[in-house]
Protein chains: 8
Amino acid sequence: MNKAEMRNLLQRIKSKEIEIEAAMEIFEDLPYKELGFAKIDNHREIRVGYPEVLYCEGKTVEQVRSIIQFMLTQDNNILATRVNEKMYEAIKTFGVEARYNPLGRTITIRKREEQLTDSYIAIVSAGTSDMPVVEEAAETAVILGNRVEKIMDVGVAGIHRLFAQIDLIRGARVVIVVAGMEGALASVIGGLVDKPIIAVPTSVGYGANFGGLSALLSMLNSCASGVSVVNIDNGFGAAYNASIINRL
Amino acid sequence: MNKAEMRNLLQRIKSKEIEIEAAMEIFEDLPYKELGFAKIDNHREIRVGYPEVLYCEGKTVEQVRSIIQFMLTQDNNILATRVNEKMYEAIKTFGVEARYNPLGRTITIRKREEQLTDSYIAIVSAGTSDMPVVEEAAETAVILGNRVEKIMDVGVAGIHRLFAQIDLIRGARVVIVVAGMEGALASVIGGLVDKPIIAVPTSVGYGANFGGLSALLSMLNSCASGVSVVNIDNGFGAAYNASIINRL
Amino acid sequence: MNKAEMRNLLQRIKSKEIEIEAAMEIFEDLPYKELGFAKIDNHREIRVGYPEVLYCEGKTVEQVRSIIQFMLTQDNNILATRVNEKMYEAIKTFGVEARYNPLGRTITIRKREEQLTDSYIAIVSAGTSDMPVVEEAAETAVILGNRVEKIMDVGVAGIHRLFAQIDLIRGARVVIVVAGMEGALASVIGGLVDKPIIAVPTSVGYGANFGGLSALLSMLNSCASGVSVVNIDNGFGAAYNASIINRL
Amino acid sequence: MNKAEMRNLLQRIKSKEIEIEAAMEIFEDLPYKELGFAKIDNHREIRVGYPEVLYCEGKTVEQVRSIIQFMLTQDNNILATRVNEKMYEAIKTFGVEARYNPLGRTITIRKREEQLTDSYIAIVSAGTSDMPVVEEAAETAVILGNRVEKIMDVGVAGIHRLFAQIDLIRGARVVIVVAGMEGALASVIGGLVDKPIIAVPTSVGYGANFGGLSALLSMLNSCASGVSVVNIDNGFGAAYNASIINRL
Amino acid sequence: MNKAEMRNLLQRIKSKEIEIEAAMEIFEDLPYKELGFAKIDNHREIRVGYPEVLYCEGKTVEQVRSIIQFMLTQDNNILATRVNEKMYEAIKTFGVEARYNPLGRTITIRKREEQLTDSYIAIVSAGTSDMPVVEEAAETAVILGNRVEKIMDVGVAGIHRLFAQIDLIRGARVVIVVAGMEGALASVIGGLVDKPIIAVPTSVGYGANFGGLSALLSMLNSCASGVSVVNIDNGFGAAYNASIINRL
Amino acid sequence: MNKAEMRNLLQRIKSKEIEIEAAMEIFEDLPYKELGFAKIDNHREIRVGYPEVLYCEGKTVEQVRSIIQFMLTQDNNILATRVNEKMYEAIKTFGVEARYNPLGRTITIRKREEQLTDSYIAIVSAGTSDMPVVEEAAETAVILGNRVEKIMDVGVAGIHRLFAQIDLIRGARVVIVVAGMEGALASVIGGLVDKPIIAVPTSVGYGANFGGLSALLSMLNSCASGVSVVNIDNGFGAAYNASIINRL
Amino acid sequence: MNKAEMRNLLQRIKSKEIEIEAAMEIFEDLPYKELGFAKIDNHREIRVGYPEVLYCEGKTVEQVRSIIQFMLTQDNNILATRVNEKMYEAIKTFGVEARYNPLGRTITIRKREEQLTDSYIAIVSAGTSDMPVVEEAAETAVILGNRVEKIMDVGVAGIHRLFAQIDLIRGARVVIVVAGMEGALASVIGGLVDKPIIAVPTSVGYGANFGGLSALLSMLNSCASGVSVVNIDNGFGAAYNASIINRL
Amino acid sequence: MNKAEMRNLLQRIKSKEIEIEAAMEIFEDLPYKELGFAKIDNHREIRVGYPEVLYCEGKTVEQVRSIIQFMLTQDNNILATRVNEKMYEAIKTFGVEARYNPLGRTITIRKREEQLTDSYIAIVSAGTSDMPVVEEAAETAVILGNRVEKIMDVGVAGIHRLFAQIDLIRGARVVIVVAGMEGALASVIGGLVDKPIIAVPTSVGYGANFGGLSALLSMLNSCASGVSVVNIDNGFGAAYNASIINRL
């Protein structure tokens with residue numbers, strides 16, 4: 001509610017076009033609106049084209065089922081992440097067309113068809129073991145309305161594989177780099193590509209990898225400018241970020 | 001060099017339009033060009049409008065002085081970060097107009113005037129102790145050609161201060177959030193603003209802060225989507241990232 | 001035993017009202033009493049209204065069963081935490097009315113009905129995945145005789161949900177804040193509420209969450225005053241603390 | 001502004017007792033007020049009797065001087081923490097009566113005399129090296145209006161010293177336990193005293209102490225119920241917490 | 001071989017009392033003997049009364065079976081630690097009297113009866129969850145020939161339980177303290193008992209316990225002198241140490 | 001392709017000895033070749049005698065099966081590491097002679113017989129629990145064409161076992177030292193042997209071992225010169241390194 | 001006070017040999033005595049021959065001076081650790097014979113001459129940089145009345161130096177091993193010597209040494225039995241432990 | 001001393017060519033020799049061409065001066081590492097030609113001229129801030145008799161700089177890679193070069209670099225085979241390793 005609208009409303013009270021109780025209901029919502037909380041129509045999670053997102057880790061099958069059931073009453077697309085087989089089974093019973101990506105552990109349900117962006121997000125990964133994160137990122141980016149190009153298995157141990165794909169990477173508007181072990185791929189791409197790079201460390205590796213810590217620290221300390229980092233294995237977060245940038 | 005150009009060159013050899021030695025010079029450059037290294041004219045560090053950047057930590061005054069001296073022979077703007085007083089003294093002797101920001105520990109030297117962007121980068125910080133990082137980020141963003149708005153001291157302990165500035169933050173194209181201690185500001189802004197957010201944890205704090213680790217982990221684990229993170233106290237990196245996004 | 005009682009006892013020996021051996025038994029207990037151990041009647045674990053508490057993690061079903069069996073011979077209420085299904089099955093065989101909260105992993109057995117406090121403890125949580133800790137805290141607080149209000153799923157990513165409940169939170173005498181991931185909720189509430197806040201980091205999250213470390217460090221480094229912290233996932237401890245404060 | 005006040009205001013518009021522009025000014029402040037931000041009169045930092053607090057670490061002498069100068073224009077008591085000698089010198093020039101506690105690194109300036117509470121906060125410490133934290137806590141507690149009893153050097157290595165003071169500790173309404181090294185004192189007191197205990201780990205120690213980490217972890221893992229923890233060396237935070245509880 | 005023996009041997013060569021080849025055999029063994037390796041008769045693992053010890057973690061059932069089979073051909077007592085049920089089944093097939101302690105995860109096989117020491121080792125533990133470590137330590141101490149007194153469940157949360165047993169603890173020649181969580185028991189006993197104390201941190205606990213790290217750091221930082229520490233959950237090592245001291 | 005070859009090729013075009021399309025195929029490979037990527041004939045992974053290596057951790061049985069199937073179409077030997085039983089079952093169906101080492105978790109398939117080196121790699125290990133790493137290293141070294149000597153169970157707790165084998169260790173061209181727990185063996189051998197030593201920390205141990213961290217830090221801090229370190233449990237990496245050195 | 005004494009005292013009251021008020025004074029001390037606190041005559045810190053110990057780190061020169069001044073009024077020997085030059089200057093003004101060991105950072109003041117033990121404590125160190133810890137341990141052991149043998153610079157990088165001294169080490173009743181870097185010396189001696197070994201990790205080293213962490217973890221994970229560990233650089237603690245054992 | 005020599009010596013005793021006392025002196029050295037310790041002539045530190053090495057960190061100027069003074073009486077070259085200005089001043093007073101490298105913090109004194117190897121060690125570094133480590137490595141490698149090529153400032157942020165030097169790197173027999181921050185250079189070179197690579201993480205960086213930890217973990221987790229790692233900033237160790245390999 002902007003100033004003009006507020007003045008108009010007060011005028012209508014003064015001129016008795018509107019009852020005080022009716023005006024009060026409007027005003028009671030005001031705080032939220034002024035702070036943006038009542039700008040609920042264009043709030044990010046629910047504005048047109050944005051899916052409702054459900055993070056399923058640590059939730060029971062029953063909880064997931066109930067939340068999805070409620071979401072289905074809405075008109076939005078749905079993205080569920082960190083889904084397991086059993087959750088998928090439970091959702092299938094609703095009879096909607098739910099796309100389950102077992103590698104990426106996602107379920108997507110489309111209630112409206114989106115026009116994909118012209119510009120694309122490149123998702124580049126170091127090794128085949130990083131695929132689950134790549135898949136989570138790709139599913140997220142697509143349901144958020146972005147065109148996606150996946151460039152997999154181009155880790156720095158065989159850097160010629162990366163160079164063979166460099167033009168495709170450079171053509172993107174945003175680049176997501178997914179890598180485990182020492183995570184060097186983010187720095188190398190950071191030095192070659194003049195686009196925002198969102199690095200996702202993965203827990204791929206063992207020993208002094210410490211569950212993804214080595215790749216995480218590598219990426220945070222990247223000598224290449226233009227690299228920012230999300231949580232370990234957080235393919236969803238990387239894609240969400242990339243989507244905001246891609247759709248600016 | 002694409003296939004057509006290559007075929008054409010070989011044809012010219014066959015038809016003797018070009019000497020073998022001249023052709024050899026072209027072929028010898030081929031690898032770099034194909035890999036993009038010879039696309040040196042539009043490489044990020046040296047393309048028009050981008051400054052040359054010098055990270056001075058761990059370098060001697062003499063080393064800094066020499067590198068700046070060389071840079072001055074070029075036509076680019078210059079940004080030196082993590083500068084100390086003595087380095088500034090050394091650079092002043094060159095007689096150029098060097099702007100020294102002692103809080104941000106930066107020196108900027110402008111050899112060309114840049115048109116700033118219309119859209120702006122908001123740099124939001126939690127407390128006054130975060131100012132050195134804010135200043136480094138602001139100096140970097142400006143020399144990279146961006147309009148900047150600084151919103152300082154709006155940490156979550158007094159969240160009304162943040163709400164008073166929320167429109168200014170929402171108006172930005174990219175938001176940099178600078179916070180130490182528990183770094184909660186990044187999550188709160190992440191929940192309120194629908195723009196890419198680059199979070200900079202700072203080493204402000206003590207005890208279980210562990211030199212910025214607490215803010216770093218907070219930001220990486222942000223429950224709000226749309227937040228990516230750079231290294232602790234890395235105001236430069238945040239601004240560099242923000243600039244790439246702002247200028248997309 | 002205070003000075004007057006001791007003098008009286010010695011007088012009774014002198015006047016031969018009491019046998020030396022009988023007096024010796026009393027004196028042998030003296031050290032404990034003087035140190036407060038013999039103030040056993042009002043010692044916290046067993047004073048009226050306080051339940052006996054059994055932490056079951058790392059104990060066998062048989063051990064848990066035996067201890068509960070003994071406790072049942074006493075007149076106190078009983079709280080068992082970190083209980084699993086099998087332990088509950090074992091306890092059910094006693095034929096007492098045992099309330100099992102599978103989410104909170106608690107069993108409570110009431111042998112006396114308590115009057116709940118007028119003032120209440122607010123238990124506020126960031127996400128639905130924090131529910132097990134909320135439940136453990138709530139069960140603990142209630143069996144300790146406190147009125148409880150649960151305010152769930154008000155994490156800072158959608159801060160308007162928190163504001164919609166702020167009056168209920170402010171009305172509490174003590175506030176327990178349960179949050180995983182970056183744990184920012186504790187700081188935000190700490191800045192809004194003028195009551196003692198006991199923060200419980202949870203292990204909800206993944207990657208750089210490091211089993212709850214990120215929320216723990218966040219809460220310890222809270223920029224808001226008035227926040228103190230208990231161990232990760234320690235809903236019992238938070239409620240125990242809150243109860244002591246609520247019943248001051 | 002509650003519902004009654006809002007209805008009354010709208011009535012006054014309707015009855016033309018108040019001009020629309022005047023009403024608009026009131027409504028524009030509404031969001032803050034509804035959220036509590038405009039309940040600024042009883043906001044914790046500035047309500048009667050509460051001092052304004054300035055954390056000086058990482059601030060320059062000049063910054064500290066300016067902020068204190070501004071605070072002096074207000075009518076509140078002032079507490080500055082993590083102060084150094086030079087800051088004190090700068091503040092002395094204002095000619096106000098500033099109490100400097102060099103061990104606790106605090107400055108307190110009293111503009112109004114407070115009535116201390118009847119109930120007291122006990123501040124118990126393990127060794128003489130913990131004194132700086134004790135002093136910071138004590139100065140904070142007193143300027144916040146609390147009566148304080150200090151019980152120092154009663155670490156568990158000579159546990160009889162603790163027992164000699166146990167009645168004084170038990171008489172408190174809240175107990176602050178300050179300990180470095182292994183921080184065992186918090187657990188021992190937690191087992192003996194039926195009051196809220198706020199534990200402050202200190203960085204006293206060396207080697208595997210890791211800057212206070214050992215005491216911090218000890219206190220978080222206390223086997224005694226009723227212990228909550230603040231940041232390492234955070235005497236201020238402990239006292240602030242204790243004060244809220246003591247003044248409930 | 002001392003100097004006199006060596007001179008004597010050389011004399012015998014010179015006087016031809018011994019053949020050169022025979023002398024050479026003696027000299028070839030010399031290095032080992034001089035280094036003590038040939039003092040194999042009184043080497044610790046195999047001297048009278050000391051059992052052969054087998055650490056079974058990370059070994060296959062088959063490997064454990066083979067090694068025990070070989071050990072049984074010797075005349076020594078046998079101690080196997082970190083044994084599981086299946087290993088015990090495999091060993092039972094040998095038809096020897098093997099004592100299996102499932103809580104302590106040990107197997108002991110006695111081939112010679114030992115006279116236990118008069119002085120005893122006290123094994124003191126904080127809680128019932130520490131029992132596996134207590135049992136491992138007790139089995140080890142006994143098979144090494146020591147008299148043992150177990151004092152369990154005397155953690156500092158109810159310190160009167162400890163005081164009730166303090167004379168039994170003080171009567172020991174060496175004290176083993178087994179505690180998880182914050183491990184405060186080691187410091188408290190260290191302040192009360194004038195005997196060598198070997199502290200065993202256990203992994204009992206959760207959250208910021210970090211698998212025993214909190215107790216480990218506590219014990220290493222003990223403010224009480226006379227406490228030394230072994231690895232987390234290392235009941236065997238503590239008992240081995242204690243035995244060496246007890247048998248000095 | 002060196003300069004002479006390139007000039008020669010261009011001459012052949014000019015003299016029409018070679019068709020342009022044929023020349024183009026050669027030139028299209030050029031970039032890689034100039035950067036060494038096209039020196040594919042002697043590139044490490046595929047030059048004569050070097051096996052193709054497949055790291056199977058984090059891959060599905062199906063993925064492993066497909067990659068091996070492809071590799072079998074090539075003429076190289078094959079090494080698969082971190083293999084499990086199911087993967088072996090899948091590979092056996094191809095009907096090739098695949099050697100499965102269940103302890104070392106490797107599969108090797110020989111398509112060409114290699115001449116082993118004269119000089120040998122010594123693989124020395126501290127305890128029998130380190131055997132899986134020893135086996136992985138040994139399988140790797142042999143398939144890479146090296147003669148190997150294994151010296152197992154010579155940890156420093158019984159240092160005479162090490163000295164008994166010291167000549168065999170000294171005779172090696174490179175020494176791999178495999179040790180868990182405190183990893184002291186690397187330093188001791190480093191002080192005794194004048195050859196390159198590659199140390200492999202293992203995750204053998206428990207408690208403060210932290211998954212191999214203790215051995216890793218030990219080896220990195222070795223007081224003996226000549227020791228370099230690979231990742232925890234990385235037998236393959238150690239053997240690969242050793243092989244490069246052995247075949248220099 | 002044992003049972004017999006207590007009965008006797010009560011008899012004397014009954015028979016009126018002692019006044020009730022006099023008896024009450026005795027009984028008031030009873031708790032401490034029964035708990036051992038009143039067994040103050042043979043309490044460890046102050047029994048004959050044991051020095052009073054003052055840890056000076058984190059204390060001001062003035063505090064140290066005052067405490068020593070008080071201690072000098074007693075009849076005990078004095079040991080001050082972690083002393084600096086200025087503290088020594090302050091103590092010298094008392095005119096007593098104070099022995100200052102600047103390397104070990106200790107001051108010892110002898111008020112009574114002690115008979116040293118026949119058996120000795122061996123203090124073995126890896127390198128010359130460990131000398132400060134060796135000196136602290138040696139000063140402590142001697143003032144506690146023990147004969148000491150120092151064997152320095154026998155680290156495992158040149159293990160022959162250790163073997164040359166092995167008989168001297170074996171002759172000790174207790175062995176203190178002081179080592180930084182990888183701390184392997186403790187394990188090697190643990191494998192060679194059949195005496196209690198107290199290992200002191202030192203902070204000597206750099207990089208992945210992490211302030212002594214590598215040596216600490218090594219020693220805790222020692223594959224040799226019979227090794228227990230004290231805090232990093234804690235020469236005092238090691239010697240105190242060794243002294244208790246040596247004087248058993 | 002081999003078998004033949006020993007037999008010969010015994011024969012000479014028998015034939016009285018050598019006196020018993022003279023033989024005894026030889027035999028007294030025997031144990032060490034058989035274990036290799038008496039193979040002192042070709043022992044690594046002192047064999048022809050190898051310098052004596054002194055690590056000066058943590059040593060006093062006086063200690064360094066004394067040890068160098070002793071070394072100067074020997075005929076070997078000398079290398080002192082981690083030297084400071086004052087130590088150099090002290091050594092200069094001896095009047096020998098001592099080469100001081102202030103950046104590398106080394107002093108080298110040549111008493112014999114060495115023939116350098118034909119093959120060379122390549123020392124490759126990521127940035128100019130890594131120069132101190134490069135210099136330490138280079139000084140070490142040269143005094144150990146190796147030819148050295150330094151390739152500096154070729155970090156992956158501008159990977160074309162690396163490719164421009166790749167042939168020089170490939171021409172080496174061993175490659176030392178020195179890098180801080182994320183240490184990606186080691187992996188990239190590991191993928192391009194078929195030679196043993198010794199990676200040296202440096203402490204260059206800040207924040208989440210944690211004193212070199214990020215580069216260390218990166219290098220340990222390198223996805224490229226053929227990389228082994230030494231301690232953070234350990235230029236000496238890398239060069240020592242490289243020299244052993246280069247001189248095989």
Side-chain angles (χ1 to χ4, degrees), chain D residues 125-130 153-163 166 169 177-194 197 199 201-229 231-232, chain E residues 125-130 153-163 166 169 177-194 197 199 201-229 231-232:
Chain D
S125 74
T128 53
S129 304
D130 299 315
D153 204 16
V154 294
V156 301
I159 208 165
H160 56 292
R161 298 174 301 179
L162 174 63
F163 286 114
I166 198 69
I169 300 172
V177 179
V178 179
M181 295 179 172
E182 90 286 56
L185 187 59
S187 291
V188 171
I189 292 181
L192 292 171
V193 178
D194 193 13
I197 292 163
T202 72
S203 54
V204 169
Y206 59 90
N209 174 283
F210 297 122
L213 181 65
S214 65
L216 172 64
L217 294 184
S218 269
M219 288 166 168
L220 286 167
N221 286 283
S222 178
C223 59
S225 303
V227 177
S228 67
V229 187
N231 197 2
I232 297 163
Chain E
S125 74
T128 54
S129 303
D130 300 315
D153 205 16
V154 294
V156 301
I159 209 166
H160 56 292
R161 299 174 300 179
L162 174 63
F163 285 116
I166 199 69
I169 300 172
V177 179
V178 179
M181 295 178 171
E182 91 287 55
L185 187 60
S187 291
V188 171
I189 293 182
L192 292 171
V193 178
D194 192 15
I197 292 163
T202 72
S203 53
V204 169
Y206 58 91
N209 173 284
F210 297 121
L213 183 65
S214 65
L216 172 64
L217 293 185
S218 270
M219 289 167 169
L220 285 168
N221 285 282
S222 176
C223 58
S225 303
V227 177
S228 66
V229 187
N231 197 0
I232 297 163

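For clarity, every value in this text was computed on a predicted model and none was experimentally measured. In the text below, chain A, chain B and the rest are named by the order of the sequence lines, each starting its count at 1.
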- Identify which of E/Ala208, E/Ala186, E/Gly207 forms the greatest number of heavy-atom pairs closer than 4.5 Å to chain D. E/Ala208
- Residue selection (most heavy-atom pairs with chain D, distance under 4.5 Å) from E/Asn209, E/Leu216, E/Leu213, E/Leu185: E/Asn209
- Under 4.5 Å from any heavy atom of chain E - which part of D/Phe210: side chain
- Query: When you check the side-chain N and O atoms of E/Thr128 and E/Asp153, is any donor under 3.5 Å from an acceptor?
  - Reply: no
- Does any donor atom in the side chain of D/Asn221 or E/Ser214 lie under 3.5 Å from an acceptor atom in the other side chain?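 Distance-only check passes for D/Asn221 and E/Ser214.
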- Message: Is the shortest side-chain heavy-atom distance between E/Phe163 and D/Ile159 below 4.5 Å?
- Response: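 E/Phe163 reaches D/Ile159 side chain to side chain.
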- Mind running side-chain hydrogen bond (donor to acceptor under 3.5 Å, both in side chains) on E/Ser218 and E/Glu182 for me, showing each step along the way? CA-CA 7 Å; E/Ser218 270; E/Glu182 91 287 55; over 6 Å; no
